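Take a look at the structure below.
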Amino acid sequence: SLPEKKWREEISKIPAKTLEEEYLGRVFSVPGLGDFRFSKDELLSIAVKYWRALDFAEEMYRALEEEVPEGFDFELSVDETAEPTTAKEHLFLALELRRRGIKLASLAPRFPGALEKAVDYQGDLEEFRKAVRAHAAIAQAFGPYRLSLHSGSDKWSIYPVFAEETKGFWHVKTAGTSYLVALEVLARFSPVLFREIFALARARFPADRQSYHVSADPRRLPDPNALEDRDLPGLFWDPEVRQVLHVAFGSVLQRYGDDLRRELLGYEEEYHRALAGHLGRHLRALGVKEDG
């Protein structure tokens, strides 16, 4: 909770009276979840937490309406928070977005557990299931819009749950996974360059990790120079190797970008085949049926 002075400052930045008139004393029914009511304290606390994000989202939405009048998909992401998004917080966001005339294509809440880059989900699967079920019910009742799973690559254990509870109405963000596949191809066919990239990623990890939520410890990393060339692709089964390589992509591309592109063009077919296999594994785990 905020100190009293800070709380008053934050309350002064939101239209508290308008919100109280709009939401207090009303019952909001969500099929499958039941009825929701906001107390004054709940309403104002949630509004303070999300108001700047909502204002920014509205500003971006209006700009897109002007620039792309033929239509666009708009996603709101609130997953970069310390605590999981509650059902009431999601409900307020959905109601407030509707009041502002913002139509969502998808919303990314902060789910319970840890969704770290490039590794599987860490947390209680039943707790995750309950959260997805609640968020999906709200998204259907006040949208409909898709639930979005950020840092969604390689989350094998939760894909079936996510697909089932959203009834297939989902979005999974897999940014970064194609880069790791590229490095795995490099490890197979250009081991010298891969070793240089791995060394740079390990050196840059303390700085580059600041933008990400990861738990890898570079002190536990294997030494690629102690491995035979044929063993290098096996490094990609190590979650800590995957995270260190993933978060250093900017540093790597800055120094070795031209070299990496040149090597991949030489093994373009192998890269496309590996990427299709990796993304295909994601889609199958999410219940997407292949053509034919």
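What you see is a predicted model, and the numbers here were worked out from it, not measured in a lab.
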Might you confirm whether atom CG of Asp73 has over 12 heavy atoms from other residues, nucleotides or ligands at distances under 6.0 Å?
no
Heavy-atom side-chain proximity of Phe111 to Asp79 below 4.5 angstrom:
no
In short, Leu286 meets Ala163 closest at the heavy-atom pair O-CB, 3.3 Å
Can you tell if the side chain of Arg202 reaches within under 4.5 Å of the side chain of Leu221, non-hydrogen atoms only?
yes
Set out, in order, the CA-CA distance, both residues' side-chain angles and the distance that settles side chain to side chain contact (heavy atoms under 4.5 Å, CB included) for Thr85 and Tyr50, then state yes or no.
CA-CA 11 Å; Thr85 309; Tyr50 291 106; 3.9 Å; yes
Closest non-hydrogen atoms of Glu42 and Arg37, given as atom of the first, atom of the second and distance, are OE1-O, 3.6 Å
Are Ile46 and Leu91 side-chain neighbours, meaning at least one heavy-atom pair lies under 4.5 Å?
no
Any donor-acceptor N/O pair, Glu127 side chain to Pro112 backbone, under 3.5 Å:
no
Interatomic distance, Phe72 atom CZ to Lys103 atom NZ [nearest 0.5 angstrom]
10.5 Å
When rounded to the nearest 0.5 angstrom, what is the spacing between CZ in Arg100 and CZ in Arg62?
9.0 Å
Looking only at heavy atoms, which two atoms of Ser29 and Asp35 are closest? And how far apart?
OG-OD1, 2.6 Å
For Arg99, I'd like to know if atom CZ has over 12 heavy atoms of other residues, nucleotides or ligands within 6.0 Å.
yes
Kindly work out whether a path of hydrophobic side-chain contacts (I/L/V/M/F/W/Y, heavy atoms less than 4.5 Å apart) joins Val78 to Leu115.
no
Are Val247 and Ile197 linked, directly or through intermediate hydrophobic residues, by side-chain heavy-atom contacts shorter than 4.5 Å (ILVMFWY only)?
yes
Sequence neighbours excluded and cut-off under 3.5 Å, please list the side-chain donor-acceptor pairs for residues 169-184, or say none.
residue	atom	partner	partner atom	Å
His171	ND1	Glu75	OE1	3.3
His171	ND1	Ser148	OG	2.6
Thr177	OG1	His278	NE2	2.6

Are the side chain of Arg209 and the backbone of Val214 linked by a donor-acceptor contact shorter than 3.5 Å?
yes
What verdict does the side chain to side chain contact (heavy atoms under 4.5 Å, CB included) test give for Leu227 and Leu235, after you've listed the backbone C-alpha separation in whole Å, the side-chain angles of each residue and the deciding distance to 0.1 Å?
CA-CA 10 Å; Leu227 299 174; Leu235 291 173; 3.6 Å; yes
CD1 on Ile102 to CE on Met60, rounded to 0.5 Å
11.0 Å
With sequence neighbours left out, what residues match Tyr267 under ring-ring contact (aromatic ring centres under 6.0 Å, His included)?
Phe189
Let me see the working for Tyr23 and Glu96 under side chain to side chain donor-acceptor pair (under 3.5 Å), right down to the final yes or no.
CA-CA 10 Å; Tyr23 297 116; Glu96 188 59 23; 2.6 Å; yes
Side-chain (Gln210) to main-chain (Pro206) donor-acceptor, under 3.5 angstrom:
yes
Decide, yes or no, whether a salt bridge links Arg110 with Glu83 under the criterion of side-chain N to carboxylate O below 4.0 Å.
no
Which word best sums up how the rings of Phe92 and Trp51 line up, parallel for under 30°, tilted for 30 to 60°, or perpendicular for over 60°?
tilted
Shortest non-hydrogen contact between Ile11 and Ala16, atoms and distance:
CG2-CB, 4.3 Å
Looking at Ala114, is its backbone amide N or carbonyl O close enough to the side chain of Gln122 to form a donor-acceptor pair, meaning the two atoms are under 3.5 Å apart?
no
Does CZ belonging to Phe28 count more than 12 external heavy atoms closer than 6.0 Å?
yes
Mind checking whether Glu268 and Leu265 have side chains closer than 4.5 Å, heavy atoms only?
yes
Pair Arg273-Glu269, salt bridge (charged side-chain N to carboxylate O under 4.0 Å, His left out): steps then yes or no:
CA-CA 6 Å; Arg273 186 160 51 244; Glu269 185 177 337; 3.3 Å; yes
Please answer: with hydrophobic residues joined when any side-chain heavy atoms are less than 4.5 Å apart, are Val119 and Val241 in the same cluster?
no
Distance-minimising heavy-atom pair for Phe205 and Ala216
CE2-O, 3.5 Å
Evaluation steps, side chain to side chain contact (heavy atoms under 4.5 Å, CB included), between Arg281 and Trp156
CA-CA 9 Å; Arg281 183 185 174 197; Trp156 312 110; 3.4 Å; yes
Salt bridge present between Arg52 and Asp55 (N-O < 4.0 angstrom)
no
I'd like to know if the side chain of Arg242 and the backbone of Phe236 have a donor-acceptor N/O pair within less than 3.5 Å.
yes
Verdict with reasoning, Glu165 to Lys130, per salt bridge (charged side-chain N to carboxylate O under 4.0 Å, His left out):
CA-CA 9 Å; Glu165 296 298 339; Lys130 290 176 183 177; over 6 Å; no
Are Val30 and Leu43 co-members of a hydrophobic cluster defined by side-chain heavy atoms under 4.5 Å apart?
yes
Phe162 vs Phe128 aromatic rings, parallel, tilted or perpendicular, using cut-offs 30° and 60°?
tilted
Between Lys6 and Glu10, does any NZ, NE, NH1 or NH2 come within less than 4.0 Å of an OD or OE carboxylate oxygen?
yes
In short, Val252 meets Leu200 closest at the heavy-atom pair CA-CD2, 3.9 Å
For His282 and Tyr159, take the angle between the two ring planes, folded into 0 to 90°, and tell me which bin it lands in: parallel under 30, tilted 30 to 60, perpendicular over 60.
tilted
The reported gap from CZ in Arg8 to NZ in Lys13 (rounded to nearest 0.5 angstrom) is 13.5 Å
Is any side-chain heavy atom of Phe38 closer than 4.5 Å to one of Leu95?
yes
If you measure from the Lys or Arg side-chain nitrogens to the Asp or Glu carboxylate oxygens, is any gap between Arg195 and Asp229 under 4.0 Å?
yes
Cluster overlap Leu97 with Phe36, hydrophobic side-chain contacts below 4.5 Å
yes
So, Glu116 and Ser215: side-chain donor and acceptor under 3.5 Å apart, yes or no?
yes
State, with a plain yes or no, whether a side-chain heavy atom of His90 is found less than 4.5 Å away from one of Leu147.
yes
Please work out which of the three classes, parallel, tilted or perpendicular, describes the rings of Phe198 and Phe194, given edges at 30° and 60°.
tilted
Working to the nearest 0.5 angstrom, can you tell me the gap between Leu149 CG and Ile158 CD1?
5.0 Å
Distance only, no hydrogens: is a donor on one side chain within 3.5 Å (strictly under) of an acceptor on the other, for Ser251 and Arg204?
yes
So, the side chain of Asp120 versus the backbone of Ser157: is there a donor-acceptor pair under 3.5 Å, distance only?
yes
Are side-chain heavy atoms of Arg261 and Asp258 found at a separation under 4.5 Å?
yes
First locate atom CZ of Arg255, then atom CD of Glu196, and finally report the distance between them rounded to the nearest 0.5 Å.
9.5 Å
Side chains of His135 and Thr166, heavy atoms from C-beta outward: is any pair under 4.5 Å?
no
What's the verdict on salt bridge (charged side-chain N to carboxylate O under 4.0 Å, His left out) for Arg129 and Glu126, showing C-alpha distance, side-chain angles and the deciding distance?
CA-CA 5 Å; Arg129 180 186 293 276; Glu126 281 309 305; 3.6 Å; yes
Side chain Lys155, main chain Ser153, donor-acceptor under 3.5 Å:
yes
